[in-house]
Structures are given as structure tokens and as C-alpha cells.
Amino acid sequence: MFGISPSAQQQTGVEAILEDGRRHGVSLCHLAAILAQAYHETGGAMQPVEENLSYSAKRLTQVWPARFPTLASAAPYAGDPRKLANWVYGGRLGNVEADDGWRYRGRGLAQITGKANYATFGLEAAPEKACEMATAVRILFDGMTEGLFTGKRLSDFDTDESLSGAGTGYRYAASRAILNGDIRQNGPKIEAYGRAFEAALREAGYGRNGQQKAAPAEPGVVVVLRPGKSGVGVKGEGDSVAARSAGSIFERLVTAIVAIFARWAR
């Protein structure tokens, strides 16, 4: 999922999500579902993104066919993100002012759109903060655990098996409904991502309820990410135990993901 070696930005994003998962004692399956949705929503970048509203006229007729039934109707909005945002989002989602559609366009790891949704997360006065990592992670976790996106929450898709000691059997595909109703289209992708993250987290030593287990046995395929220490820098004496632990989990997580996909490829 991250290739042979993740980028620094991917590493930063995954570490931020892992750390929040451990801090709040999120179950293994729920954390795998959170990672899967973040991976899908950001196109694998694992960084907060801002909605891209720069479309061609033809693409506008495909994305919003009801609003742009013809190329002629779409042409005035093609290549004009601000004008497009105010047209497609204006007068709904809590947007009332002339420029609200643009100001409250989609942002985050799991994008929130519209003034009402920004207000839900306390960002009505500063919507740009949704693209800051700490805030984006908070929105992702709160939205998925408390059902603040669509009314569906992580616990809605648990099974007897996922709640058991085995901690397996979570309904990842159906959990797509937590963020979006496009289950038929994207549910299978979320299922694949969730299963991969679940297996990797377990192999990397993530406990069922967020506790870090002892380092697992050596995986079937060993991957050296880069010479020296992995991570964004060498850990200093003042680094917290939590930060060192998160880095250790991330290194094992990436190794486990690569090993799992290598075994699947065989």
C-alpha cells in the first residue's frame, strides 16, 4: 500500500493516527477501519487534503450531472474553483453567505464540507484549521467514533467476532457508510484496505484495545526502509516514551504491510 518505503509525509500521517489510536485505546479493528478510510480519502497520501474544485466542463457534467446537464451549462464554472464551490454548495449545508460555499469547501483527512459541518467540529470561525494534522486527526476520530459525519459510527459495524478476544470479522466494506453512502462503489476497496491494515497492526504488535504488545516474531519478508533509524529524525533524550513507541509501531507496521502483500503476491 505504501510501496517499498513510505514517504516522510505518509509516515507522519500514519504516526499521528497511530498515536491517537493508542492514546484513546481504540480497538485494533476500529483503528484499521480509521486507517483504511484515511488511506482512501487522501489517495494514499495520509495527509489532510483540500477539495480540488478545478474541473473541466466535461468533468463537471460527470460529477454533478443534475446541476450541469450540458457542456454549455458547465462551461462558466470550468476552471473556476471559487465560483463552482459557491454554486454547488451555496444555500445548503449551513452555507448562507455569498462566499460560504468556497470558505467551507472540503478539507481534512476525512473531508468536512459546509458551514454546519465545520461548526460541528468547532471550526466555524477558522475552517482552514481542518487541514492542520492534529485537527484533521481529531475530526477523523471524533467523526468516526461518534457518528458525526453521516450518523453511522464505528461500533455499528462490529460483529461478535470483532468484539471477541480474536478481534477479527469487522465489517469494513459496510463501514464505508460512516463517511459516505458510496458503499457499492468503494466498499470493496475499504474492505481490502481494512483487512491489510488489520493484519499489519496485529503483526506489528498493536493490542486489541490499544495496548502495545511485545515485538512480534520476525515476519516472513524483512524490508529495510532506509539506512540508520527510520522516522523523521533521530530520537533525542527528551523524546517522550509515547513518541518512541509510536515510531516503533510504525516501523513494524510498514514492514508487516510489505510482508503481507509480498505473501499475497506469491
- Stepwise, does the side-chain contact (heavy atoms from CB on, under 4.5 Å) test hold for Leu109 with Gln37? CA-CA 9 Å; Leu109 286 165; Gln37 296 278 14; over 6 Å; no

- Hey, do the aromatic rings of Tyr77 and Phe68 have their centres closer than 6.0 Å? yes

- Query: Is the closest side-chain heavy-atom distance between Val14 and Pro6 below 4.5 Å?
  - Reply: no

- Residues Tyr172, Cys29; criterion side-chain contact (heavy atoms from CB on, under 4.5 Å); working and verdict: CA-CA 9 Å; Tyr172 293 106; Cys29 287; 3.8 Å; yes

Which donor-acceptor pairs under 3.5 Å do the side chains of residues 178-185 make with protein atoms, sequence neighbours left out?
{"residue": "Asn180", "atom": "OD1", "partner": "Asp182", "partner atom": "N", "Å": "3.0"}
{"residue": "Asp182", "atom": "OD1", "partner": "Arg176", "partner atom": "NE", "Å": "2.8"}
{"residue": "Asp182", "atom": "OD2", "partner": "Arg176", "partner atom": "NH2", "Å": "3.4"}
{"residue": "Asp182", "atom": "OD2", "partner": "Asn186", "partner atom": "ND2", "Å": "2.5"}

- Query: Under 3.5 Å, is there a donor-acceptor pair between the side chain of Asn95 and the main chain of Lys115?
  - Reply: yes

- Considering residues, nucleotides and ligands other than Lys152, do more than 12 of their heavy atoms fall under 6.0 Å from its NZ? no

- Query: Would you find a donor on one side and an acceptor on the other, under 3.5 Å apart, between the side chain of Arg67 and the backbone of Val63?
  - Reply: no

- If you count the non-hydrogen atoms of other residues, nucleotides and ligands that lie under 6.0 Å from CH2 in Trp64, is the total more than 12? yes

- Exam field: side chain Thr12 to backbone Ala8, donor-acceptor pair closer than 3.5 Å: yes

- Message: Is it the case that the side chain of Thr159 and the backbone of Gly169 share a donor-acceptor pair, with hydrogens and angles ignored and the cut-off at 3.5 Å?
- Response: yes

- With no hydrogens and no angle check, do the side chains of Tyr89 and Glu51 hold a donor and an acceptor under 3.5 Å apart? yes

- Answer yes if the side chains of Ser7 and Gln9 hold a donor-acceptor pair under 3.5 Å, and no otherwise. no

- Query: Does a side-chain heavy-atom distance below 4.5 Å link Leu154 with Ile34?
  - Reply: yes

- Message: Parallel, tilted or perpendicular: which one describes the rings of Phe141 and His24, with boundaries at 30° and 60°?
- Response: tilted

- Message: Considering only residues two or more places apart or on different chains, which pairs with a residue in residues 123-144 satisfy side chain to side chain donor-acceptor pair (under 3.5 Å)?
- Response: none

- Query: Should Asp99 and Arg82 be marked as a salt bridge (charged side-chain N to carboxylate O under 4.0 Å, His left out) after you check the CA-CA gap, both sets of side-chain angles, and the distance that decides it?
  - Reply: CA-CA 8 Å; Asp99 206 37; Arg82 190 176 203 132; 2.5 Å; yes

- Going by the angle between their ring planes, with limits at 30° and 60°, are Tyr39 and Phe197 parallel, tilted or perpendicular? perpendicular

- Query: Does Gly44 offer a backbone N or O that forms a donor-acceptor pair with the side chain of Gln10 under 3.5 Å?
  - Reply: yes

- Task: Please work out whether the ring planes of His30 and Tyr170 are parallel, tilted or perpendicular, with thresholds of 30° and 60°.
- Result: perpendicular

- Message: Pairing donors with acceptors under 3.5 angstrom, does anything connect the side chains of Arg107 and Tyr118?
- Response: yes

